[in-house]
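Residues: numbered from 1 along the sequence shown.
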Amino acid sequence: MSLFTTNNVSGTNKLRNPLAIHSTMIALPEEKASKKPIWQRHRAFLSGIVALVIIGTFFITSSLHPPPPPHGGKPPHGGKGDHHKPRCEKIDALSPSFNRSIDTILHDSTFRNNSIEKLSKAVKIPTVVQDKNPQPADDPDYYKHFYELHDYFNETFPNVNKHLKLEKINELGLLYTWEGSDPELKPLLLMAHQDVVPVNNETLSSWKFPPFSGHYDPETDFVWGRGSNDCKNLLIAEFEAVEQLLIDGFKPNRTVILSLGFDEEASGILGAASLASFLHERYGDDGIYSIIDEGEGIMEVDKDVFVATPINTEKGYVDFEISILGHGGHSSVPPDHTTIGIASELISTFEANPFDYEFEFDNPIYGLLTCAAEHSQSMSKDLKKTILGAPFCPRRKDKLVDFISEQNHLRNLIRTTQAVDIINGGVKANALPETTRFLINHRVNLHSSVSEVFERNLEYAKKIAEKYGYGLSKNGDDFIIPETDLGHIDVTVLRELEPAPFSPNSGPVWDVLAGTIQDVFENGVLQNDEEFYVSTGLFSGNTDTKYYWNLSKNIYRFVGSIIDIDLLKTLHSVNEHVDVPGHLSAIAFVYEYIVNVNEYA
C-alpha cells in the first residue's frame, strides 16, 4: 500500500492513501491540463501527509538538504541551480559489533510473547493525571497507582533494579543511572513518561476492550488500552532494552540515564521540570550527549518507500488572558457595549486576522515533500517540479505555499496559530458584566517569538480600545492608554515557551542516531529490499523535553515504530492501541542505539 498508488478510474488518475483508510481522491494532472489551484489537484497526496499531523501535528524534513539559494530564490552562480542533485539520499547503516539480541527482539516468539505481557500489565495500571495535580508529598493516595507501577518495574525488570541506581525526584520522578566506565564521556539520556490521560466515562461503551484491560488481540496483533501508545509503549521499550542488554552482558563506556516523568499530560510541571533541574545541577549546561523522548516514527510515503522522522525541534507556546475591565450597573440602563460585547468584537477581530504564512526552506515540512518528490513513483510531474524547483523559483515557492496553506491540517505548520479556548463574563441576567475575560492560545511558528505574538495581540487590543474609548494595559499594571471612565482592556501573558532550538541533522551525533535507525529498519525490520530514508521532523505540540533544552544540543523525539493512521487516531481517544511489531522495533532501536553510542560516539 502506498501514499501515492495510482489507479485509473473512468479515465481519471486517482491517488490512494492506505493511511487514510482507503480514501480515493483525484490526482494532480499535468499543469497544462488544469486551471485548478495545485492544492485542489493534490488532495490525495495531502491526505497521506495528514497522517503525520494527527499526533499534535507532525513535520518532516530531509537530513541532507543543501543550503537554500540566496534570498529571492535565484540559483547560485546565475545558472539553473542544483535542480537534479538528490537532497534526500540514503545514509549508511551503522551496525554494532555487539549485537546479541536484535534478531531475538524482532523475531523470537518467546521474547515477543513476554514483551506483550510486560506491556499489557503496565497498561492495566491506571496512572491517570488531570490538568491540575497535587504535589506527591501532599497527597500520596492521589498517586497510589504510580507506586503500584514502580513496584511493577522492580518485579518485572530485576536486572535494571539490581544494576542501575534509582533516585526518586519529587517522590515519583524516576531517575535510573547506569554508570559507564568512562566518567569523562557525556551521558546518554532516554526519556518517557509514566502518566496517561483520563478516560471519559461516557465513552466506556465505545471501547472495543476495557481501557485499562491491556488486552492483547491475536487477530489484530494489537495491545489495547489507555497509554498503550502514549507512551507506556516507549516506557516499557526502554526498560526492556536495558534489561536485555544487562542479560547480554553489555557494559557501557558511556553512562546511560533513564529520566521518567509522571505528569507530561499536565505539562510536566511536577515531574519533568523537577527531573531536569536535578540533572542540570549534576551535569550542567550541555552536559548530556543526546536525549531521546517520545515523538515521530516511520511512515510509508509510497509503495515500499519508508521515511523515518525523528523530531529535532518544537513550535513555541503562549497563553494570553485578555480582560475587559468595565463597570457594573443595572441591565435596564446599559451602555452601548457591555464588556461581553467588547470582548466579542476583539475575539472576532483576532479570528478575522489569522497570522501570515511564513514558509522558509528550513521548515521541516519541506523535507517530507522533497523525499516524496524524489522517491515517489506515482506523484505527478507538476507537483514534483513545484516541490523541487521551489528553492530556485519564486513562482514555484508561491505555488507550494498555496498548496500548503489551503489545507486545514497543513496550513498551521507554516504559521503561528491562535485559538480562543476559554471565556467568562457576567453573573446575572439583570446585572451588567463588570469584567469579561477570555484566553487565547498560540502555537508559535519556528521563526517567530512570544514577544512578536504579544505585540501583535496588543496592536489589535489597542484598535478596539481606541474605537470604544477604553484604556489599555499589559500584564496588569503597565498602561499603554490610561484608564477611562468606561474602564480598560488588559493583555496578560499566562504561560509562555519560545520555539525549541533546532538540534543538528548532520554531524557525528546525528550520524549515530540516523545510522542506527537505518540499520534497525533496513537490515532488521524490513525484509523485502524496501527503500528506507532518515529525515528530521517538527512537532506542533510540546513534550517534556522543553525542560531539558540546556542539558543538550542534541534532543530528538522519536519512537522506532512504523506509523499507522488508525493507531494515531486513537491517541487520547477511544480504543487506544499499539501494534506489537511496532513495539518490538521500538525496543530494538533503543537497544541498538545504546550500543552504537558506546561504540561510535
Contacts of type ring pair (Phe, Tyr, Trp, His ring centres under 6.0 Å), residue Phe98, not counting sequence neighbours = Phe250
With sequence neighbours left out, what residues match Phe209 under ring pair (Phe, Tyr, Trp, His ring centres under 6.0 Å)?
-> His215, Trp224
Would you kindly say whether [X] and [Y] are connected by a side-chain donor-acceptor distance under 3.5 Å?
| X | Y | result |
| --- | --- | --- |
| Ser448 | Glu358 | no |
| Asp92 | Gln518 | no |
| Thr417 | Arg443 | no |
| Asn229 | Glu576 | no |

[Y] backbone acceptor or donor facing [X] side chain under 3.5 Å:
| X | Y | answer |
| --- | --- | --- |
| Asn99 | Ser95 | no |
| Arg100 | Asp248 | yes |
| Lys208 | Val574 | no |
| Tyr317 | Pro499 | no |
| Asp195 | Glu265 | yes |
| Thr516 | Val512 | yes |

Val318: partners by side chain to side chain contact (heavy atoms under 4.5 Å, CB included), with sequence neighbours left out | Phe320, His442, Val444, Val450, Val453, Val493, Glu496
Taking the six-membered ring for Trp and the full ring for Phe, Tyr or His, determine whether the centres of Phe153 and Phe239 are under 6.0 Å apart.
-> yes
Answer yes or no: is there a side-chain heavy-atom contact under 4.5 Å between [X] and [Y]?
| X | Y | value |
| --- | --- | --- |
| Leu584 | Arg112 | yes |
| Pro187 | Tyr283 | yes |
| Ile311 | Thr543 | no |
| Trp207 | Ser213 | no |
| Leu185 | Asn253 | yes |
| Ser290 | Ile555 | no |

Counting heavy atoms not belonging to [X], are there more than 12 under 6.0 Å from its [atom1]?
| X | atom1 | value |
| --- | --- | --- |
| Asp138 | CG | yes |
| Lys553 | NZ | no |
| Asp478 | CG | yes |

Any Lys/Arg nitrogen of Asp490 or Arg437 sitting under 4.0 Å from an Asp/Glu carboxylate oxygen of the other?
-> no
Could you point out which residue of Glu296, Glu264, Glu314 forms a salt bridge (charged side-chain N to carboxylate O under 4.0 Å, His left out) with Arg557?
-> Glu314
Could you give the distance from OG (Ser181) to NZ (Lys251), rounded to the nearest 0.5 Å?
-> 10.0 Å
Can you measure from CG (Asn475) to OG1 (Thr492) and round to the nearest 0.5 angstrom?
-> 5.0 Å
